[in-house]
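These notes concern the structure reproduced below.
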Amino acid sequence: MSAPLLNIDDLRTHFPLRGAGRPRDGAGVVKAVDGVSLAVRAGEVLGVVGESGCGKTTLARAVVGLAPVTAGRVLFEEQDLAALPPRRFRAVRPRLQMIFQDPYASLNPRMTVFDAVAEPMIAHGLVPRGEVAGTVAALMERVGLARRFVRKYPHEFSGGQRQRIAIARALALRPRLVLADEPVSALDVSVQAQILNLLRDLCRENRLTMVLISHDLAVVKYLAHRIAVMYLGRIIELGEAEEVFDAPLHPYTRALVSAIPSPDPDDVRRPVILPGEPPSPLRPPAGCAFHPRCPYAAPECRATRPELEERRPGRHVACVRLDAIEAEESRGGRV
Amino acid sequence: MALLTVENLRTYFHTREGVVRAVDGVSFDVAPGETVGIVGESGCGKSVLNYSLLGLIPMPPGRIESGSARFDGIDLLGCGASRLRSVRGKRIAIIFQDPMTALNPFMRVGRQITEPLLLHDRVPRREAVARAVAMLEAVGIQDAPERLRAYPHEFSGGMRQRVMIAMALITRPQLLIADEPTTALDVTVQAQILALIKEQQRALGMAMILVTHDMGVIAGNCDRVLVMYAGRIVESGSTRDIFHRPRHPYTHALLASMPAVQARSESLYTIPGLPPDLALEIRGCAFAPRCRHAIDACREAACAPREIAPGHATACERAQRGEL
């Protein structure tokens with residue numbers, strides 16, 4: 001097993017609310033990420049899934065310094081990024097790149113493709129001036145865009161092509177870790193498949209480590225070796241992608257997997273319909289944050305917040321009722 | 001007897017860049033109580049098609065160039081604005097993708113939900129409010145009498161979509177057009193909303209046109225499917241036919257490029273190239289430049305949809321010849 005490249009230790013990102021928008025009932029802090037520990041191994045693709053507001057994007061942004069770290073550590077190359085002074089952080093930053101969801105918003109409309117891809121390597125002095133043009137051309141080819149496109153502007157490209165440009169820009173700095181935040185959500189299925197194949201080839205060839213954030217479990221399953229499932233700022237299940245997908249353990253993961261529309265019209269499985277919606281991170285429920293919607297909830301779920309525990313090798317679940325649920329299931333019943 | 005019959009509909013947009021053939025000769029029908037899915041990628045014309053039926057196309061630049069649409073004996077395209085107003089929002093209702101922009105942010109939701117009743121049915125206000133409360137409860141919103149006084153921003157995305165559904169169904173329409181009704185929602189909420197729509201559809205015996213880009217949503221919810229590409233229907237058939245026996249290369253590609261159906265080691269099927277620019281004249285089959293099965297005949301003349309099995313039509317020349 002390779003050593004972790006990125007080690008997130010009890011990370012918390014809290015956003016205090018100030019001024020007129022503050023709710024009257026005294027709720028004053030959005031705990032977007034609230035105690036996440038996660039080790040990303042060198043060379044793996046780790047998927048982070050969860051619904052809107054679960055904190056998956058904030059987690060990635062906190063790692064690359066785009067969101068504040070309230071508490072906890074982010075260890076990358078044996079340094080705690082959260083404690084690094086800005087100048088030293090900037091020295092690490094090239095090896096830590098992000099790909100954003102919306103390729104319409106993440107590229108500067110006034111910069112040509114050449115400038116957008118060349119800018120980071122020039123800014124960080126990674127490539128001698130004389131070699132910039134050649135490097136950009138090689139990157140363009142690598143992401144599947146014709147070299148002659150380098151003088152064009154973002155508006156002249158389709159969504160899929162723009163996402164290729166954003167990927168080229170992220171790769172320009174030869175990062176060791178790429179955090180991809182919903183890289184295909186804005187794209188049509190046929191284009192989505194092109195970008196997913198590209199990302200997978202890049203990870204394999206360049207031995208890239210990637211954290212892939214998505215609300216779409218199918219997308220994550222396709223690329224990721226392991227999956228972390230988040231709910232309201234915490235990881236509630238972590239394990240090998242195939243296992244989490246095929247045999248989810250946490251009641252929330254079970255519902256999430258069952259809710260993916262099946263592409264088979266003869267599939268008779270009915271999704272588990274959860275009552276209600278994810279609660280506001282402003283007012284998280286006591287105990288297990290999922291208990292108000294959980295079909296298996298018991299009084300103890302209200303009392304204690306479950307910690308992520310290793311239930312079988314490499315499989316971590318945060319649910320105090322798991323033993324009871326599994327015992328009941330092995331008897332063929334439902335809790 | 002079909003509830004809705006659309007024949008040879010063409011909706012073009014006359015822009016400075018040229019004439020965009022957004023919908024280019026579409027024919028289909030919807031039976032009472034039936035759910036017809038329309039699937040296709042962005043820009044294929046699936047939304048323009050439905051907006052054309054309801055007179056929601058901005059004209060100019062849009063223009064309905066040809067075709068007819070008959071709904072329960074009414075000619076939707078030729079009946080005139082005031083007649084259309086008496087149908088739209090009463091007998092044909094529509095739910096849009098984004099409930100935040102489709103609801104009026106300055107109006108309490110109670111007024112928005114009761115509006116169709118007050119306008120179309122001249123129901124006394126007190127009765128309209130009572131029916132709005134019942135409708136909100138039916139779509140799963142708790143404390144309905146109080147929630148009527150709330151503004152749209154006080155609801156979450158899923159709850160807003162429930163409000164939209166309540167508003168659409170309060171007049172007991174015969175046809176519901178749902179345009180990507182769950183695309184903006186999380187998957188667990190999507191499951192709730194789809195279950196709710198189906199339950200209400202059964203209760204009212206209503207027909208539905210469900211527009212989506214998600215083949216998974218189609219599979220679980222539709223009786224029949226129309227696959228659109230570049231403004232035309234390229235394949236139509238029962239949901240089972242479309243999924244188990246796709247007879248157009250585009251349908252096949254759409255199914256094969258879904259990540260869910262494949263194991264991790266395989267590469268996803270991709271369609272080379274991009275959909276055509278609809279402002280340019282397309283000779284032959286619009287999919288031919290991206291199709292691995294295309295032959296010279298495909299590039300020369302467009303192929304009209306034809307039935308190859310009862311209820312299953314394809315616009316693929318080679319499938320019609322029995323070569324695919």
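To find a chain, count down the sequence lines: A is the first, B the second, and so on, and within it residues start at 1.
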Taking every non-hydrogen pair under 4.5 Å, which of [options] racks up the most with chain A?
| options | result |
| --- | --- |
| B:G220, B:A219, B:A191, B:P272 | B:A219 |
| B:I271, B:T188, B:V189 | B:T188 |
| B:Q192, B:Q190, B:Q142, B:M215 | B:Q192 |

Under 4.5 Å heavy-atom distance to chain B, tell me which part of [X] shows up: side chain, backbone, both or neither.
| X | result |
| --- | --- |
| A:L196 | side chain |
| A:D264 | both |
| A:S52 | both |

Would you compute the distance between atom [atom1] of [X] and atom [atom2] of [Y] and round it to the nearest 0.5 angstrom?
| X | Y | atom1 | atom2 | value |
| --- | --- | --- | --- | --- |
| B:F28 | B:I38 | CZ | CD1 | 5.0 Å |
| B:R232 | B:L226 | CZ | CG | 15.5 Å |
| B:R292 | B:H252 | CZ | NE2 | 8.0 Å |
| A:L217 | A:I260 | CG | CD1 | 4.5 Å |
| B:C316 | B:F287 | SG | CZ | 9.5 Å |

> Can you say whether the rings of B:Y151 and B:H153 are parallel (under 30°), tilted (30 to 60°) or perpendicular (over 60°)?
Replying inline: parallel
> Between A:F149 and A:F157, how do the two ring planes meet: parallel, tilted or perpendicular, split at 30° and 60°?
Replying inline: perpendicular
>> Apply side-chain contact (heavy atoms from CB on, under 4.5 Å) to residues B:E235 and B:L254 and explain how you reach the verdict.
In response: CA-CA 12 Å; B:E235 185 168 2; B:L254 268 189; over 6 Å; no
> Which residues in residues 237-249 of chain B have any heavy atom lying under 4.5 Å from a heavy atom of chain A?
Replying inline: B:T239, B:R240, B:F243, B:H244
>> For the CD atom on B:E146, are there more than 12 heavy atoms of other groups (residues, nucleotides or ligands in this structure) within a distance under 6.0 Å?
In response: yes
Go through the atoms of [X] and report whether side chain, backbone, both or neither lie under 4.5 Å from a heavy atom of chain A.
| X | answer |
| --- | --- |
| B:N221 | neither |
| B:A195 | side chain |
| B:E41 | both |

>> Heavy-atom pairs under 4.5 Å with chain B - which of A:D216, A:L274, A:D266 has more of them than the others?
In response: A:D266
> Under the 3.5 angstrom rule, does the side chain of B:T183 hit a backbone N or O of B:Q97 as a donor-acceptor pair?
Replying inline: no
> Does any N or O in the side chain of A:Q163 come within less than 3.5 Å of the main-chain N or O of A:F100, such that one atom is a donor and the other an acceptor?
Replying inline: yes
